Undergrad: 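I have a structure here, written as structure tokens, and I will follow up with some questions on it.
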Amino acid sequence: MAIYNLTGYNMGAFTLLGIPGLEQYHVWISVPFCLIYLVAIVGNSVLLYLIAVEHSLHAPMFFFLSMLAITDLTLSTTCVPKSLSIFWFGPQEISFPGCLTQLFFLHYSSVLDSAILLAMVFDRYVAICSPLRYTTILTPRTIVKIAVGITFRSFCVFVPCVFLVNRLPFCRTHNIPHTYCEHIGVARLACADISINIWYGFCVPIMIVIIDAILIVVSYILILCAVFRLPFQDARQKALGTCGSHVCVILMFYIPAFFSILAHRFGHNVPQTFHIVFANLYVVIPPALNPIVYGVKTKQIREKVILLLIPKRSF
């Protein structure tokens, strides 16, 4: 077995090359990415502002929604500014610690998104299935425990990835054919066995996401059973309406997430350019659409946004 001097091999900077094969279109690609990123920043910032200042939005559902907005801002800001600098100025260097930091927050935010969506489903389940016990079950103390628990779980899931990459010797190329650092993409540059990186990077996240998805599906089955037992049509429509925006956000998160994970693991015939373009869309489109979906479909937020944009005049 070869023994490597790790300290001599993994401390150099990496070079992010962008989207291979589309270098001549980088400037044009940057235009929609920049606009969508600005929408994500503005939309989530407005959402956080409204939840912070409006007392009527100080409820468990909106607390979890604020967590989702912060996580989406973290996800997009971790990757998009570096991607835009590559599109505008060509290949960019990133230090090894900077690369580790970027890949950690990228994957951490994705797993945390999944956990927050699960927490939001639990909120809807309690609100619809046990409305009289809602305030006694989802107390401020319970909400804080849920928030700390899902944050700590997501942290524990991806901290090992940082150490798994940090132990690798990079004695060949330091050029990364991507717009940001992600776990398996960086690990494949190493001149050592990366089997544990591949299996941990694939099995653990997908198991966590699948468990969350199964719990979400089971919760919504129970919610639907409770809704259709309601005696009045108006009550059923109102109950389903409170879940509409959440279902949209769930679909926008899980469908691309499962596609991306499976494509990376089994899509060996899929062009690398497609992988990279899709990965860039994944970190910017859901964060931009989430506040729009909640703003359009959630009455309380929609009304507050209208008041913010078009304040009532007093005569």
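Quick caveat, the model's predicted, so the values are computed rather than measured.
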Undergrad: Can you get from V80 to W28 by hopping between Ile, Leu, Val, Met, Phe, Trp and Tyr side chains that sit under 4.5 Å apart?
TA: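 As far as the 4.5 Å side-chain criterion goes, W28 and V80 are not connected within one cluster.
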Undergrad: Quick one: pull up CD1 in I70 and OG1 in T151 and give me the separation to the nearest 0.5 Å.
TA: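 So the gap between those two atoms works out to 9.5 Å.
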Undergrad: Kindly indicate whether the side chain of N197, heavy atoms from C-beta on, has any atom under 4.5 Å from the side chain of R167.
TA: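 The answer is yes; the side chains approach within 4.5 Å.
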Undergrad: Does Y180 form a side-chain contact (heavy atoms from CB on, under 4.5 Å) with K82? I'd like the steps, not just the answer.
TA: CA-CA 7 Å; Y180 55 78; K82 191 60 144 180; 5.6 Å; no
Undergrad: With a 4.5 Å limit on heavy-atom distance, are the side chains of F64 and I143 in contact?
TA: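 Yes, their side chains come closer than 4.5 Å.
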Undergrad: Do L16 and V277 belong to the same hydrophobic cluster, where Ile, Leu, Val, Met, Phe, Trp and Tyr are linked whenever their side-chain heavy atoms lie under 4.5 Å apart, directly or via other members?
TA: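 Linked, L16 and V277 end up in one cluster.
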Undergrad: Who are the ring-ring contact (aromatic ring centres under 6.0 Å, His included) partners of Y37, not counting sequence neighbours?
TA: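 For Y37, no residue satisfies ring-ring contact (aromatic ring centres under 6.0 Å, His included) once neighbours in sequence are set aside.
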Undergrad: Which atom names give the shortest non-hydrogen contact between P286 and D72, and what distance separates them?
TA: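 That would be O-OD2, 4.5 Å.
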Undergrad: Other residues, nucleotides and ligands only: do more than 12 of their heavy atoms fall within 6.0 Å of OH on Y125?
TA: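 Open.
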Undergrad: Under a 4.5 Å cut-off applied to non-hydrogen side-chain atoms, are S83 and F33 in contact?
TA: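 Sidechains of F33 and S83: no contact.
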Undergrad: Same hydrophobic cluster for V209 and L215, using side-chain heavy-atom links shorter than 4.5 Å among ILVMFWY?
TA: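 Yes; tracing contacts between hydrophobic side chains, which count when under 4.5 Å, links both residues.
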Undergrad: Let me confirm one number: the CG-CG distance from N290 to L68, rounded to the nearest 0.5 Å.
TA: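 One gets 5.0 Å once the value is rounded to the nearest 0.5 Å.
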Undergrad: At what distance, to the nearest 0.5 angstrom, does OG of S219 lie from CE of M120?
TA: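 Result: 13.5 Å between the selected atoms.
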Undergrad: Please list, chain by chain and in numerical order, all residues satisfying disulfide bond (SG atoms under 2.5 Å apart) with C34, sequence neighbours excluded.
TA: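 For C34, no residue satisfies disulfide bond (SG atoms under 2.5 Å apart) once neighbours in sequence are set aside.
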Undergrad: Where does the angle between the aromatic ring planes of F278 and F274 fall among parallel (under 30°), tilted (30 to 60°) and perpendicular (over 60°)?
TA: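 Geometry flag for F274 against F278: parallel rings.
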Undergrad: Near I196 CD1, under 6.0 Å, is it more than 12 heavy atoms from other residues, nucleotides or ligands?
TA: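 It does not: I196 CD1 has 12 such atoms or fewer within range.
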Undergrad: Please report the C-alpha distance between V39 and I292 in whole Å, then the side-chain angles of each, then the deciding distance to 0.1 Å, and finally whether the side-chain contact (heavy atoms from CB on, under 4.5 Å) criterion is met.
TA: CA-CA 9 Å; V39 170; I292 295 174; 4.0 Å; yes
Undergrad: Can you check whether L138's main-chain N or O pairs, donor with acceptor, with T142's side chain at less than 3.5 Å?
TA: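 No.
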Undergrad: Does one hydrophobic cluster hold both V218 and I223, with members joined at side-chain heavy-atom distances below 4.5 Å?
TA: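 Yes, same cluster.
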Undergrad: Report the distance from atom CG of L112 to atom OG of S154, rounding to the nearest 0.5 Å.
TA: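 Separation between the atoms: 4.5 Å.
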Undergrad: Examine F14 together with F170 and report whether their ring centres are nearer than 6.0 Å.
TA: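 Distance test on ring centres: under 6.0 Å, yes.
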Undergrad: Any donor and acceptor pair, going by atom type alone, linking the side chain of E54 with main-chain N or O of A52 inside 3.5 Å?
TA: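 Checked: no pair found.
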Undergrad: Q102 and C181: which non-hydrogen atoms are nearest, and at how many Å?
TA: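 Where Q102 meets C181 most closely, the heavy atoms are OE1-N, 2.7 Å.
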Undergrad: Excluding sequence neighbours, so at least two apart, what forms side-chain contact (heavy atoms from CB on, under 4.5 Å) with P177?
TA: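 With sequence neighbours excluded, P177 shows a side-chain contact (heavy atoms from CB on, under 4.5 Å) to P20, Q272, given in chain and number order.
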Undergrad: Should the pair F104 and F155 be assigned to parallel (<30°), tilted (30 to 60°) or perpendicular (>60°) ring geometry?
TA: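 Ring orientation, 0 to 90° scale: perpendicular.
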Undergrad: With side chains defined as the heavy atoms from C-beta onward, is the minimum distance between H178 and N280 less than 4.5 Å?
TA: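 Yes. Closest side-chain heavy atoms under 4.5 Å.
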Undergrad: Do the ring planes of Y108 and F105 sit parallel (below 30°), tilted (30 to 60°) or perpendicular (above 60°)?
TA: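 Plane angle over 60°, so perpendicular.
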Undergrad: Please confirm whether the backbone N or O of G18 pairs with a side-chain atom of H26, one donor and one acceptor, at under 3.5 Å?
TA: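 Looks like no, no N/O pair under 3.5 Å.
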Undergrad: One pair to check against side-chain contact (heavy atoms from CB on, under 4.5 Å): Y220 and H246. What are the steps and the verdict?
TA: CA-CA 11 Å; Y220 265 111; H246 189 238; 2.8 Å; yes
Undergrad: Taking atom CG of L168 and atom CG of D193, what is their separation to the nearest 0.5 Å?
TA: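 Here the interatomic distance stands at 9.0 Å.
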Undergrad: Mind running side-chain contact (heavy atoms from CB on, under 4.5 Å) on I301 and L65 for me, showing each step along the way?
TA: CA-CA 11 Å; I301 295 176; L65 182 56; 3.5 Å; yes
Undergrad: Please find the pair of heavy atoms, one from L103 and one from H107, that lie closest to each other, and give the distance.
TA: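 The answer is O-CD2, 3.0 Å.
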Undergrad: Looking at side-chain heavy atoms only, is the closest gap between R153 and I208 below 4.5 Å?
TA: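 Yes, close enough: below the 4.5 Å cut-off.
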Undergrad: Considering non-hydrogen atoms only, spot the tightest contact between L106 and T78 and give its length.
TA: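 Minimum heavy-atom separation between L106 and T78: N-CG2, 4.0 Å.
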Undergrad: Going hydrophobic residue to hydrophobic residue with side-chain gaps under 4.5 angstrom, can you get from L164 over to V159?
TA: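 Yes; V159 is reachable from L164 via cluster members.
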Undergrad: Let me confirm one number: the CG-CD distance from N175 to E93, rounded to the nearest 0.5 Å.
TA: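 Nearest 0.5 Å value for the CG-CD distance: 9.5 Å.
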Undergrad: State, yes or no, whether a side-chain contact exists between N44 and I41 at a heavy-atom distance under 4.5 Å.
TA: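 Of all side-chain heavy-atom pairs linking I41 with N44, none is under 4.5 Å.
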Undergrad: Heavy atoms only: give me the nearest S110-F253 pair and the separation to one decimal.
TA: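 S110 and F253 have their closest heavy atoms at O-CZ, 3.2 Å.
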Undergrad: Is there a side-chain contact between Y25 and I19, using heavy atoms and a 4.5 Å cut-off?
TA: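 Sidechains of I19 and Y25: no contact.
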Undergrad: So which heavy atom on S30 is nearest to which on W88, and how close?
TA: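 Looking at all heavy atoms of both residues, the closest pair is OG-NE1, 2.9 Å.
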Undergrad: With distance as the sole criterion, is a donor-acceptor pair present between the side chains of S114 and Y254 under 3.5 Å?
TA: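 Checked: S114/Y254 side chains pair up, N/O donor to acceptor below 3.5 Å.
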Undergrad: Are any non-hydrogen side-chain atoms of L47 and F62 less than 4.5 angstrom apart?
TA: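 When only atoms from C-beta onward are counted, F62 and L47 do not touch, as no gap falls below 4.5 Å.
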